[in-house]
Trainee: 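Can you keep this structure in mind? I'll have questions shortly.
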Amino acid sequence: MMNKKSVLVSGGAGYIGSHTAVELIAAGYDVVVADNLSNSDMSGIEGVRAITGVDVPFINVDCCDKQAFAQVFEQYDFDSVIHFAAFKAVGESVADPMKYYCNNLLSFINVIDLMREYGRHNIVFSSSATVYGEAEELPVTEATERKPATSAYGNTKQMCEDILRDATAAYPEIKGIALRYFNPIGAHPSALIGELPRGVPQNLVPYITQTAAGVRECLSIFGDDYPTEDGSCLRDYIDIVDLAKAHVAAINRMVEGKNQCGYEIFNVGTGRAVSVFELVKTFERVNNLKLNYKVAPRRAGDVVAVWADTTLANKELGWRAERSLEQTLQSAWEWEKRVRNIE
Ligand code: NAD
Ligand code: UDP
């Protein structure tokens, strides 16, 4: 009998995985982290240990190396897996698609194969709102049709969703939930863990916090001529701790046998559309600072607007986003200050 209160977190040294590990432990789960530190370092794990007071086991392993990864299944008796391990830079995936297909698909295929071989039952997969592309109906529900991916990264998310759908249909002992994240931002209120992008940040909030910290000179707002109220794009920014809690809810649902079918999909967002200008202004207001920014041309590939209808997650997972944009943007700045040793 596998331990129902134990979860393998692959990619758990990273941004979302480390916050999820904290919330799993708070909810009474044992956590094992497997990560090859290809886009992270041990500070995430150390932060999780400091916040929880639990000496979380960490295994440095590449999930694409099936033999090595199998050792984790040999050694630990978790019944559930949350699979975060993937590369996530959209632009890089267009320039080097094979890097993304190899890592993101193979690591996921290995997880499912090993779950079958070792008799493990529940899996949560990190999907993304990117699967909706430029949606015809807003907000998007889980039934909104996916659009053909415009990057290899986005394509790996769609392909992994399909792999999970087919695997759970064919092997009923395996249950799966795909969580489609909207835009995760912010940091743990302790400021002991947060987002640590390597090089120049591609995402809005880390670019903002690094600009405020003086690491970047000026934020470029990509486009002010979109067909929105203030001309900038609309997104659904979800607090990282709220997002982490959605994973706990998904695991609880499968452990308790409440999932209605073998494969389910949930949007994980706030349900609220926020423009780039609104986000920048809120960041300035709550942190009492002025940000150096300018309007720049549109960024290729950006959709105008996407935000979530969260009815399904609210109802079925019993989960909803609780933290305000203000709290989240304060936490993002507290984290950046800590990383940069700013008082
Ligand atoms: P992250 O890069 O901080 O974390 C991913 C972790 O996986 C890293 O620690 C990395 O070292 C590890 N990893 C990558 N390939 C691995 C491999 N082959 N074997 C072992 N470890 C490996 O990224 P994140 O923001 O925490 O994202 C986690 C997941 O959520 C990813 O699948 C990502 O695509 C997905 N996602 C992220 C966002 C976002 O905006 N951050 C949005 C939607 C979906
Ligand atoms: N954005 C911006 N400047 C930046 C980074 C992002 O104006 O330096 C905008 C981007 O055009 C989009 C929004 O911020 O409208 C969110 O972008 P991000 O890359 O964080 O997430 P995405 O929704 O594109 O995955």
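For ligands, and for the atoms within them, numbers begin at 1 and follow the listed sequence. Model, not experiment: these values are computed from the prediction.
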Trainee: Output the list of atoms in ligand 2 that are nearer than 4.0 Å to some heavy atom of Tyr237, sorted by atom number.
Mentor: 13 (C), 16 (C)

Trainee: Report yes or no: do Thr270 and Asp236 form a side-chain donor-acceptor pair below 3.5 Å?
Mentor: yes

Trainee: Can you tell me the protein heavy atom closest to atom 23 (O) of ligand 2 and the distance?
Mentor: Arg235 NE, 2.6 Å

Trainee: Main chain of Ala191, side chain of Arg338: is a donor-acceptor contact present, judged purely on distance under 3.5 Å?
Mentor: yes

Trainee: Would you tell me which option among Cys233, Ser220, Gly301 has the nearest heavy-atom contact to atom 15 (O) of ligand 2?
Mentor: Cys233

Trainee: Go ahead and list the nitrogen or oxygen contacts between ligand 1 and the protein that come in under 3.5 Å, distances to 0.1 Å, or just say none.
Mentor:
unit_1, atom_1, unit_2, atom_2, d
ligand 1, 2 (O), Asn39, ND2, 2.6
ligand 1, 3 (O), Tyr15, N, 2.9
ligand 1, 9 (O), Gly14, N, 3.3
ligand 1, 9 (O), Asp35, OD1, 3.2
ligand 1, 9 (O), Asp35, OD2, 2.6
ligand 1, 9 (O), Ser40, OG, 2.6
ligand 1, 11 (O), Asp35, OD1, 2.7
ligand 1, 11 (O), Ser38, N, 3.0
ligand 1, 11 (O), Ser38, OG, 3.3
ligand 1, 11 (O), Asn39, N, 2.9
ligand 1, 11 (O), Ser40, OG, 3.3
ligand 1, 15 (N), Asn103, ND2, 3.0
ligand 1, 18 (N), Asp62, OD1, 2.9
ligand 1, 18 (N), Asn103, OD1, 2.7
ligand 1, 19 (N), Cys63, N, 2.9
ligand 1, 21 (N), Asn36, N, 3.1
ligand 1, 21 (N), Asn36, OD1, 3.1
ligand 1, 23 (O), Lys88, NZ, 3.4
ligand 1, 25 (O), Lys88, NZ, 2.7
ligand 1, 26 (O), Tyr15, N, 3.3
ligand 1, 26 (O), Ile16, N, 2.8
ligand 1, 32 (O), Phe84, O, 3.0
ligand 1, 32 (O), Lys157, NZ, 2.9
ligand 1, 34 (O), Tyr153, OH, 2.8
ligand 1, 34 (O), Lys157, NZ, 3.0

Trainee: Quick one: is the NZ or CZ of Arg116 closer than 6.0 Å to the six-membered ring centre of Tyr171, and within 45° of its axis?
Mentor: yes

Trainee: Under 4.0 Å between a side-chain nitrogen and a carboxylate oxygen: does that hold for Lys147 and Glu134?
Mentor: no

Trainee: Under 4.0 Å from a heavy atom of Asp302: give me the atoms of ligand 2 that qualify, with their elements.
Mentor: 10 (C), 11 (O), 24 (O)

Trainee: Is it the side chain, the backbone, both or neither of Asn183 that has a heavy atom closer than 4.0 Å to ligand 2?
Mentor: side chain

Trainee: List every atom of ligand 2 that sits less than 4.0 Å from any heavy atom of Gln202, numbering the atoms from 1 in the order shown and giving each element.
Mentor: 5 (C), 19 (O)

Trainee: So that I can tick it off, tell me whether Arg49 and Asp55 are bridged by a salt bridge, with the cut-off set at under 4.0 angstrom between side-chain N and carboxylate O.
Mentor: yes

Trainee: Please state which option from Val276, Ile208, Leu204 has its nearest heavy atom closest to atom 20 (O) of ligand 2.
Mentor: Leu204

Trainee: Out of Val205, Asn203, Val303, who is nearest to atom 18 (P) of ligand 2 when you count heavy atoms only?
Mentor: Asn203

Trainee: Under the 3.5 angstrom rule, does the side chain of Lys66 hit a backbone N or O of Cys63 as a donor-acceptor pair?
Mentor: no

Trainee: Considering Tyr293, Phe222, Tyr207, which one's heavy-atom position lies nearest to atom 4 (C) of ligand 2?
Mentor: Phe222

Trainee: In ligand 2, which numbered atoms sit nearer than 4.0 Å to a non-hydrogen atom of Arg299?
Mentor: 5 (C), 6 (C), 10 (C), 17 (O), 18 (P), 19 (O), 24 (O)

Trainee: Using a strict 4.0 Å cut-off to heavy atoms of Ile221, name the atoms of ligand 2 that fall inside it.
Mentor: 7 (O)

Trainee: Please check if the side chain of Asn3 supplies one atom and the backbone of Asp77 the other of a donor-acceptor pair under 3.5 Å.
Mentor: no

Trainee: Return the OG to CZ distance between Ser331 and Arg323, rounded to the nearest 0.5 Å.
Mentor: 5.5 Å

Trainee: For Ser324 and Gln327, indicate whether the former's side chain and the latter's backbone hold a donor-acceptor pair under 3.5 Å.
Mentor: yes

Trainee: Strictly below 4.0 Å, N to O, side chains only: are Lys281 and Asp230 in salt-bridge contact?
Mentor: no

Trainee: Quick check: His247 with Phe84 (ring centres under 6.0 Å apart)?
Mentor: yes

